[in-house]
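Quick notes on the structure that follows.
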Amino acid sequence: MTYRDTSNQSGDISERAVSLELVRRGWHVLEPISRDAIYDLVVDVNGDFQTVQVKTMTGNSIAKIIDRSGEVVSKTGKTRNSIDYAEHGIQWLVGYRKKDNKCFFYKLENYSKIESKSFSVNVHPPDDFPIRKVPNRHTKKKGN
């Protein structure tokens with residue numbers, strides 16, 4: 001099967017890149033079965049399952065509210081609602097910038113306070129997503 005448009009392809013690339021970065025940081029990443037889920041990923045941080053919304057960045061900007069009002073989604077004329085990820089309690093908003101393969105992590109308690117629908121990573125510094133050092137079971141024991 002092929003992609004219908006570059007928007008879906010771009011979103012998939014961004015989600016995979018963020019998922020890979022989370023695995024590099026030592027965490028298990030889960031994906032919802034339904035495309036209707038309000039979040040893109042779930043991260044198991046020591047048994048605390050945290051929701052993640054991934055946004056493909058345009059330059060240095062991340063969209064925190066998607067305004068889809070008026071966008072027709074069916075032949076009957078039904079329109080989509082706007083989505084404010086903070087109002088839905090999404091714990092992490094992550095911007096992915098393709099040009100340099102960089103991820104910018106924002107906690108709910110911080111990105112929810114930004115008043116605009118989108119923001120610049122240059123103006124609002126990202127948060128640190130935790131890193132877990134994964135034990136190496138193949139390390140030689142001392143004295144062998």
Any side-chain heavy atom of Val29 sitting closer than 4.5 Å to one from Val23? yes
Residue pairs involving residues 108-124 (criterion salt bridge (charged side-chain N to carboxylate O under 4.0 Å, His left out); sequence neighbours excluded): Asp67-Lys117
Atom NE2 of His28: over 12 foreign heavy atoms under 6.0 Å: no
How long is the straight-line distance from CZ of Arg16 back to CD1 of Ile13, given to the nearest 0.5 Å? 10.0 Å
Sequence neighbours left out, what passes side-chain hydrogen bond (donor to acceptor under 3.5 Å, both in side chains) with Glu15? Give chain and number order. none
Assess whether atom CG of Asp128 is packed by more than 12 heavy atoms of other residues, nucleotides or ligands within 6.0 Å. no
Measuring only between side-chain heavy atoms, which start at C-beta, is Phe129 closer than 4.5 Å to Val94? no
So, taking the atom named CD in Gln91 and the one named OG in Ser112, what distance separates them when rounded to the nearest 0.5 Å? 12.0 Å
State, yes or no, whether a side-chain contact exists between Leu41 and Glu31 at a heavy-atom distance under 4.5 Å. yes
Could you check whether atom CZ of Arg132 has more than 12 heavy atoms from other residues, nucleotides or ligands sitting under 6.0 Å from it? yes
With a 4.5 Å limit on heavy-atom distance, are the side chains of Leu93 and Ile62 in contact? yes
Closest non-hydrogen atoms of Tyr85 and Lys64, given as atom of the first, atom of the second and distance, are CD1-O, 3.2 Å
Note: Ala86 and Leu108 closest approach over all heavy atoms is CA-CD1, 3.6 Å
Under the side-chain hydrogen bond (donor to acceptor under 3.5 Å, both in side chains) test, residues paired with Ser61 that sit two or more places apart: none
Exercise: identify the closest heavy-atom pair between Ser118 and Ala63: CB-CA, 3.8 Å
Is it true that Gln53 and Trp92 share a donor-acceptor pair across their side chains at a distance under 3.5 Å? no
Minimum heavy-atom distance between Tyr39 and Thr51, given as atom pair plus value: CD2-CG2, 3.7 Å
Identify, with sequence neighbours excluded, every residue that meets side-chain hydrogen bond (donor to acceptor under 3.5 Å, both in side chains) alongside Asp84. none
Val121 side chain reached by Met57 side chain, heavy atoms, under 4.5 Å: yes
So, for Pro125 and Tyr106, which heavy atoms are closest and what is the spacing to 0.1 Å? O-CE2, 3.4 Å
Pairwise distance CG(Leu30) to CG(Asp44) - rounded to 0.5 angstrom: 7.0 Å
Which residues satisfy the side-chain hydrogen bond (donor to acceptor under 3.5 Å, both in side chains) test with Asn8, sequence neighbours excluded? none
I need the full list of side chain to side chain donor-acceptor pair (under 3.5 Å) pairs touching residues 94-105, with sequence neighbours left out, sorted by first then second residue. Ser10-Lys98, Asn60-Arg97, Tyr96-Asn101, Arg97-Asp100
